[in-house]
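Report on the following structure.
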Number of protein chains: 2
Amino acid sequence: MAEYDKDRDYLGRLQDYYAESRRIPSLQRICELMGFASKTAARKLLLRLEGERFVERTPDDDAWIPAQRFFERALADHAVPAGMPVSAENGAEPFMVDDYIVQKPSRTVMIPVKGDSMINAGIHSGDIAVVERGTGASKGDFVVAIVDNEFTLKELGIERGKFILIPHNPAYPVIRPQGELEIFGVMVGLVRRYTH
Amino acid sequence: MAEYDKDRDYLGRLQDYYAESRRIPSLQRICELMGFASKTAARKLLLRLEGERFVERTPDDDAWIPAQRFFERALADHAVPAGMPVSAENGAEPFMVDDYIVQKPSRTVMIPVKGDSMINAGIHSGDIAVVERGTGASKGDFVVAIVDNEFTLKELGIERGKFILIPHNPAYPVIRPQGELEIFGVMVGLVRRYTH
DNA sequence: AACTATAGTGTTCGAACGCGCACCGGTCAA
DNA sequence: TTGACCGGTGCGCGTTCGAACACTATAGTT
């Protein structure tokens, strides 16, 4: 019973430390963090975590760094009922935020959203749009276009064979560009942060 | 002319190293990287970069870590005009969405949103809510509460000294729980993917 | 009961590390 | 011309670090 993995707990503390300090702490600090008395314990912990692909060595073998699985997050099943846990092992498949919204890292750009012209599509000022460049845009896509030397996020529409830009806010007019419409990229995701 | 800043070049090499190794190298390695003969040069470089907010110290002052501006090229500047580089070539994008929205990894759970009761707050069905557990919730926060054995995402309000749950959709009623209100966690972020 | 695997302790040691200090040689402004 | 500033050299010091080795205690296996 209560068969919870101690290493998961250790990993959690490492992840918390990393979120603050953006590095894997030294063996000595790991001891303080976990309550170990001996650096060997810390070292063995890292080796175990390496085996499970949570951490790895730098290419020059100088230090420990997080590996793929280090950034796994717990994804709750919305069926999960009142009982408590929803910890990583429980009703949760591993979920990586970055993999979820970024498909083509080399062609993906984050663009802060300014203004409320897309408010009715649930896109607010201050949100961050995940934009993929070099992908063909089609009718109905949300695209970042360049109009008057500025980025503009709108829905791409077609009217009489020509592209138009449709805001999702009745207070804004539809944009019917004359000549070429320069499309910067297609919006593939959105990230928003509350508070802080 | 062409008075280009040497430090920019150094910074670039640091960023390249970081893309591979996800850490700021030791003074010694910086010397190799930059061609310095003395560790002091490396140290002074870091101090200069710290002054410009490219790097900083960990909270426990143990080591150097990248700061905000270290990643700035990954974020497109909305003032940027048409031509613009936006660094598409440099494959490894240092900007991590995960870092951006997850502050306390060990206490953070991703919960898919079901239903449209928060549609007017720009939260759609199918979005993924980033929820932090064990954090005190206050009036005005979006919280995940447990009502009738199911997760419910609502705004936390207070009415006559009691907590209530306010939907952001006029079609839904305000929930006034009798007895204890079980709050699962506070919503700290949101992730959405546009599938195409 | 003996065997094995595993988490953690305690200690030692050499190498790597960060840091301070003295110094050097351009550049630029007073 | 002088002097301050600044990027860089060279070196030494004390500390920290990671790795290794021997050992302990507990749990699971046969």
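Order of the sequence lines fixes the chain letters, A, B, ..., with proteins taken first and strands second; residue numbering starts at 1 for each chain. None of these values were measured; they are calculated from a predicted model.
- Atom CG of Leu27(B) is separated from atom C1' of dT9(D) by 15 Å (rounded to the nearest Å).
- The aromatic rings of Phe184(A) and Phe151(A) sit tilted relative to each other, their planes meeting at an angle between 30° and 60°.
- No more than 12 heavy-atom neighbours from other residues, nucleotides or ligands sit within 6.0 angstrom of CZ on Arg53(A).
- Per the geometry, CZ belonging to Arg23(B) stands 13 Å off P belonging to dC17(D), to the nearest Å.
- Between the side chain of Ser38(B) and the base of dG8(D), no donor-acceptor pair of N or O atoms lies under 3.5 Å.
- Taking only distance into account, the side chain of Ser26(B) never meets the base of dG18(C) through a donor-acceptor pair shorter than 3.5 Å.
- Ring geometry, Phe36(A) versus Tyr10(A): the interplanar angle exceeds 60°, so the pair is classed perpendicular (tilted spans 30 to 60°).
- You won't find any donor-acceptor pair under 3.5 Å spanning the side chain of Lys6(B) and the base of dG7(D), going by distance alone.
- Distance CD (Glu32(A)) to P (dT9(C)): 14 Å, rounded to an integer number of Å.
- Looking at the side chain of Lys44(B), the nearest of the listed nucleotides dA19(D), dG8(D), dG10(C) is dG8(D).
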Stepwise salt bridge (charged side-chain N to carboxylate O under 4.0 Å, His left out) test for Lys162(B) and Glu159(B) = CA-CA 5 Å; Lys162(B) 292 189 68 177; Glu159(B) 190 184 68; over 6 Å; no
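- For Arg43(A), a side-chain nitrogen or oxygen approaches OP1 or OP2 of dA19(D) to under 4.0 Å.
- Using a 4.5 Å cut-off on side-chain heavy atoms (C-beta onward), Arg23(B) and Thr58(A) make contact.
- For the OP1/OP2 pair of dG8(D) and a distance below 4.0 Å, the side-chain nitrogens and oxygens of Arg48(B) include at least one atom meeting the criterion.
- Using a 4.5 Å cut-off between side-chain heavy atoms of Ile, Leu, Val, Met, Phe, Trp and Tyr, with links allowed through other members, Val186(B) and Leu75(A) fall into different hydrophobic clusters.
- If you check dG18(D), dG20(C), dC17(C) against the side chain of Asp62(A), the one that comes closest is dC17(C).
- Across the protein-nucleic acid pair, Leu47(A) atom CG and dA20(D) atom C1' stand 12 Å apart, rounded to whole Å.
- Under 4.0 angstrom from either OP1 or OP2 of dC17(D) there lies at least one side-chain N or O belonging to Gln28(A).
- Residue-level contact check: Arg29(B) touches neither bases nor backbone, having no heavy atom under 4.0 Å from any strand.
- Of the candidates dC21(D), dG8(C), dG20(C), the closest approach to any side-chain atom of Phe36(A) belongs to dG8(C).
- Counting non-hydrogen atoms under 4.0 angstrom, Ala41(B) reaches a base of the nucleic acid.
- For the pair Ile30(B) CD1 and dG18(C) C1', the interatomic distance rounds to 11 Å; values are reported in whole Å.
- Taking atom CG on Asp61(A) and atom P on dA16(C), their separation rounds to 13 Å, with Å as the unit.
- Following rounding to the nearest Å, Asp5(A) (CG) and dA7(C) (C1') show an atom-to-atom distance of 12 Å.
- For a distance-only test at 3.5 Å, the side chain of Lys39(B) qualifies as a donor-acceptor partner of the base of dG18(C).
- Rounded to an integer number of Å, the gap from CD of Glu50(A) to P of dG18(D) is 14 Å.
- Here dG8(D) is the nucleotide among dC19(C), dT9(D), dG8(D) with the atom lying nearest to any side-chain atom of Tyr10(B).
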